[in-house]
Amino acid sequence: MRAVVFPEREEREFSQRSNLQPMIPPAKGKGASGAVRPPGGRGAPGRPIEAGLPALAVALCLLALFSLSILSWWKERKRPAPPVAAPRIAPVPASLADDEPHSFARLRADYARWQKELLHWLKEGDPGVREARRLDPEVERQQLPPTQAARACLQRHLMRLVTIDSIEPIGYERVGEGVAIDYRVVVRCRIDLFAVLATRLPLSEGEPDPVARIWSDLLFDAYLPPGCLHDVEQKHLLLPANEPFVFRWRVERAQVVDGQWKILLAAPSLLEWNVVFVAAEIMALRNGEPFALRIAGNRCLLPFATADEATWNELVFRYQATWGVPGAE
């Protein structure tokens with residue numbers, strides 16, 4: 001017997017079933033799956049798998065950044081620390097005054113040394129001075145006196161007309177509490193400078209006896225002892241006018257004294273000539289030295305030749321006036 005269901009009852013039963021469980025639509029088509037799908041269909045934002053992807057990506061990025069930071073820290077830890085630069089020390093000031101000792105013994109020694117070095121220069125020169133390299137500026141700043149002190153000292157050891165173009169340290173060594181320095185010097189002069197030999201004038205053979213007796217007392221040169229003269233005809237051009245001249249000069253001892261760099265002893269320069277060297281030249285000839293040297297310009301050398309000629313003419317005149325007359329004593 002078939003039950004009859006009224007429409008109102010059927011609607012009530014449907015409402016009760018919908019409150020108990022969701023309605024699952026029947027599968028459609030061949031091979032349709034009976035799997036339960038979440039409400040909303042494909043691509044809905046409420047799916048759990050797709051909602052977890054952004055969090056995973058953020059976690060991977062944070063992990064990568066953390067790994068890179070650890071790696072960078074490890075590399076920086078293994079890298080040696082850069083050397084700490086020493087603080088720069090203010091340079092020691094220099095004295096520009098004449099702090100060298102002066103004595104008669106040093107005058108003789110300086111002239112003998114200068115003459116030896118000048119003869120060596122005239123024969124061989126100094127080819128190595130041009131190729132020598134200047135010292136490192138940092139070494140020069142820390143170990144040597146300022147250049148202006150060396151320049152002031154060198155100017156005192158040069159002729160008045162010689163000017164300094166440049167002065168560069170090319171070597172140094174420790175000497176006790178001080179330092180000895182070799183310099184390469186470039187100078188110029190407004191006039192030609194010549195090296196001239198001073199020597200005793202030998203007596204020619206065949207001279208009469210009265211001349212031989214007074215020969216050693218004849219004053220041929222007002223700047224030299226009797227019997228001596230400057231051999232102007234054999235002068236040697238040392239420095240052409242206004243051309244650079246390169247030579248080596250040595251500071252024997254420079255030292256910090258009372259908070260100042262002081263040059264306590266310097267060698268004579270190759271172009272040194274002054275009044276004390278004039279006296280040393282005279283003393284060398286008086287003491288029996290075979291020759292002596294001096295440097296001078298043409299203007300200073302001209303009176304030497306004229307004095308020699310005047311002395312010889314006076315000798316001839318007096319000889320003829322005295323012994324040239326027959327029967328004269």
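By the rule that hydrophobic residues join a cluster once side-chain heavy atoms approach within less than 4.5 Å of another member, V196 and L219 end up as members of separate clusters. No continuous path of ILVMFWY side-chain contacts below 4.5 Å connects V186 to L239, so the two sit in separate hydrophobic clusters. Placement of L122 and L301 in two distinct hydrophobic clusters is found when ILVMFWY residues are connected by side-chain heavy-atom separations under 4.5 Å, directly or transitively. Put simply, L237 and I191 are part of two different groups of oily side chains (I, L, V, M, F, W, Y) that touch within less than 4.5 Å, one to the next. Taken together through direct or relayed side-chain contacts under 4.5 Å among Ile, Leu, Val, Met, Phe, Trp and Tyr, F220 and V211 form part of one hydrophobic cluster.
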Check against side chain to side chain contact (heavy atoms under 4.5 Å, CB included), F245 and L193: CA-CA 11 Å; F245 183 77; L193 287 182; over 6 Å; no

Verdict with reasoning, H230 to L224, per side chain to side chain contact (heavy atoms under 4.5 Å, CB included): CA-CA 8 Å; H230 288 100; L224 296 178; 3.5 Å; yes

From CA spacing to verdict: side chain to side chain contact (heavy atoms under 4.5 Å, CB included), I170, L135: CA-CA 5 Å; I170 57 176; L135 293 178; 5.8 Å; no

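Looking at heavy atoms from C-beta onward, E117 lies out of side-chain contact with Q115 at the 4.5 angstrom threshold. Residues K262 and Q255 fail the side-chain proximity criterion, which asks for heavy atoms closer than 4.5 Å. Between L238 and F194, the closest side-chain pair of non-hydrogen atoms is not below 4.5 Å. Counting heavy atoms from C-beta on, the side chains of Y172 and V139 come closer than 4.5 Å. Within the 4.5 Å cutoff, no side-chain heavy atoms of D99 are placed close to those of W261. The shortest side-chain heavy-atom distance between N274 and E272 falls under the 4.5 Å cut-off. When side chains are defined from C-beta on, E314 does not count as touching T311, because their heavy atoms never get closer than 4.5 Å. Proximity of L118 to I295: side-chain heavy atoms (C-beta onward) are separated by under 4.5 Å at one or more points.
Taking each heavy atom of L96 and Q148 in turn, the nearest pair found is CD2-O, 3.6 Å. Nearest heavy-atom pair, A198 versus L285, reported as atom, atom and distance to 0.1 Å: O-CD2, 3.8 Å. Taking all atoms of both residues into account, the shortest heavy-atom contact from D192 to A241 is OD1-N, 2.7 Å. When all heavy atoms of P268 and D110 are compared, the closest pair comes out as CG-O, 3.6 Å. L201 and W215 get closest at one heavy-atom pair: O-NE1, 2.9 Å. The minimum heavy-atom distance linking A284 with Y111 is given by the pair CB-CE2, 4.3 Å.
Put simply, the side chain of T199 never gets that close to the backbone of L229: no donor and acceptor are under 3.5 Å apart. Remark: side-chain polar atoms of W249 are not paired, donor with acceptor, to backbone N or O of R184 under 3.5 angstrom. The backbone N or O of R134 lies less than 3.5 Å from no partner atom in the side chain of E140, so there is not a single donor-acceptor pair.
With L154 as the partner, the side chain to side chain contact (heavy atoms under 4.5 Å, CB included) test is satisfied by one option alone out of I263, L271, V185: V185. With P145 as the fixed residue, the side chain to side chain contact (heavy atoms under 4.5 Å, CB included) test singles out one of I181, V251, V92, V256: I181.
Taking a 6.0 Å sphere around CD of E233, one finds it holds 12 or fewer heavy atoms contributed by other residues, nucleotides or ligands. Within 6.0 Å of atom CZ in R106, more than 12 heavy atoms from other residues, nucleotides or ligands are found, so the atom counts as buried in its surroundings. Within a 6.0 Å sphere centred on CZ of R113, heavy atoms belonging to other residues, nucleotides or ligands number more than 12. Counted within 6.0 Å of CZ on R130, heavy atoms from surrounding residues, nucleotides or ligands total 12 or fewer; the atom is thus considered open.
A side-chain donor from one of E100 and H157 sits under 3.5 Å from a side-chain acceptor of the other.
To the nearest 0.5 Å, atom CZ of residue R200 and atom CD of residue E289 are 11.0 Å apart. Atoms OG1 and CG, from T163 and N242 in turn, are 8.5 Å apart once rounded to the nearest 0.5 Å. E252 contributes atom CD, which lies 5.5 Å from atom CZ of R250 (distance to the nearest 0.5 angstrom). The structure places SG of C189 at 5.0 Å from CG of L161, a figure rounded to the nearest 0.5 Å. For the atom pair R108 CZ and S103 OG, the distance stands at 11.5 Å (nearest 0.5 Å).
Ion pair K235/D231 not flagged as a salt bridge, since none of the NZ, NE, NH1 or NH2 atoms sits closer than 4.0 Å to an Asp/Glu carboxylate oxygen.
Annotation: cation-pi geometry satisfied between R294 and Y223 (NZ/CZ under 6.0 angstrom from ring centroid, within 45° of ring axis).
Taking the six-membered ring for Trp and the full ring otherwise, W114 and F247 have centroids separated by 6.0 Å or more.
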